[in-house]
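Worksheet for the structure shown next.
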Amino acid sequence: MKLHSLHSWDLPPKEAIALQKKLAGQVIIDRPLDLSKVKLVAGVDVSVKDGWSQAAVVIIHLPDFHIIETVLAKQQTAYPYIPGLLSFREGPVLVEAFEKLQNIPDLFLFDGFGYAHPRRIGIASHMGLWLDKPTIGCGKTRLCGKYDTPSPQKGESAELVDKGETIGAALTTRDHCNPMFISAGHLCDLDSAIAATMLCTGRYRLPEPTRLAHKAASLAR
DNA sequence: GCGACAG
DNA sequence: ATCTTGTCGC
């Protein structure tokens, strides 16, 4: 799929933060998703090794989890890892990978956050603007906000709150495992993000899309 | 000033 | 993220 270039990625941290504050106003997270129409879900992940970033995007079909398409992209890692600026590190390779997609996913699932970010624009929200498609942030550990540990039963959740605002949820995706942190990315609200994540989750803690993307990226690296 | 800090 | 084998628990 062809996506429009919104801006340059090689920005000094200070400018990157200023850009995030500007783009945050364009992110839409109050829109319910009609899950009955979500059939193709893309999992997105990047694995970094020896200065090279290996991206993988895997599209699965719901509700059977069959793999529809897998695309890869590899680039030298030009940006350092700075908490809060992950999109500037992984954005370039991801754009290259997205351009290779032959299918148009109904939804994208990211390894990381969307709205649950200091400036409310984590990688899922940021890439959502480039994709102009619904996106969800699905992180393994918290970036910001407070939460009470949800019951250890699959499907249970607790709110992730930051500065008095609900920014996401801690969701138990597998019995007796640590929760995943879900947040709306773009063109999707939190409730839909949680429901969609459950529809994409099988017998593992990680939802199938990102779990398979992680596997594909590691294998290709 | 001090601690926290996605991948 | 990555460095790394076996091992405890549901």
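Side chains are part of it too, since the values below use all heavy atoms of this structure and drop only hydrogens, waters and symmetry mates. Here is how names work: the chains are called A, B, and so on, in the same order as the sequence lines, proteins then strands, and each is numbered from 1.
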- Item | Integer-rounded Å distance: C:dA1 P and A:Lys74 NZ | 17 Å
- Task: Have a look at A:His126 and say if it touches a base, only the backbone sugar-phosphate, or nothing, with a 4.0 Å heavy-atom cut-off.
- Result: nothing
- Given atom CG of A:Asp175 and atom P of C:dC10, what is their separation to the nearest angstrom? 12 Å
- Within less than 4.0 Å of OP1 or OP2 of C:dT2, is there a side-chain N or O belonging to A:Arg221? yes
- Message: Looking at A:Asp34, I want to see if its CG is surrounded by more than 12 non-hydrogen atoms of other residues, nucleotides or ligands under 6.0 Å.
- Response: yes
- Item | Euclidean distance, atom CD of residue A:Gln54 to atom P of C:dT2 [Å, nearest integer] | 11 Å
- Comparing A:His176 and A:Ser47 on DNA chain C - which has the more 5′ nearest nucleotide: A:Ser47
- Send over the distance from A:Lys49 NZ to C:dT2 C1', rounded to a whole Å. 7 Å
- Task: State whether the number of non-hydrogen atoms from other residues, nucleotides or ligands found under 6.0 Å of A:Glu159 atom CD is greater than 12.
- Result: no
- Hey, is A:Tyr81 doing a stacking thing with C:dA1, by the 5.5 Å centroid and 30° angle criteria? no
- Looking only at side-chain N and O atoms, does A:Arg142 come under 4.0 Å of OP1 or OP2 in B:dC5? yes
- Hey, does A:Gly84 reach any base, or is it just sugar-phosphate, or nothing, if we go heavy atoms under 4.0 Å? base
- Message: Check this one for me: any side-chain N or O of A:Thr141 less than 4.0 Å away from OP1 or OP2 of B:dC5?
- Response: no
- Query: How close or far is atom P of B:dA6 from atom CE of A:Met180, stated in whole angstroms?
  - Reply: 14 Å
- A:Leu206 CG to B:dG7 C1', in whole Å, measures 13 Å
- Message: Counting the atoms with a prime plus P, OP1 and OP2 as sugar-phosphate, which does A:Gly139 contact under 4.0 Å by heavy atoms, base, sugar-phosphate, or nothing?
- Response: sugar-phosphate
- In whole angstrom, what separates A:His117's NE2 from B:dC5's C1'? 11 Å
- Would one find a side-chain N or O of A:Lys140 under 4.0 angstrom from OP1 or OP2 of B:dG7? yes
- Task: Take atom CD1 of A:Ile167 and atom P of B:dA6, then tell me their distance rounded to the nearest Å.
- Result: 13 Å
- Message: Take a 6.0 Å sphere around NZ of A:Lys154 and say whether it holds more than 12 heavy atoms from other residues, nucleotides or ligands.
- Response: yes
- Rounded to the nearest 0.5 Å, how far apart are CD of A:Gln20 and CG of A:Leu11? 10.0 Å
- In terms of side-chain geometry, is the basic nitrogen of A:Asp175 or A:Arg205 positioned less than 4.0 Å from the acidic oxygen of its partner? no
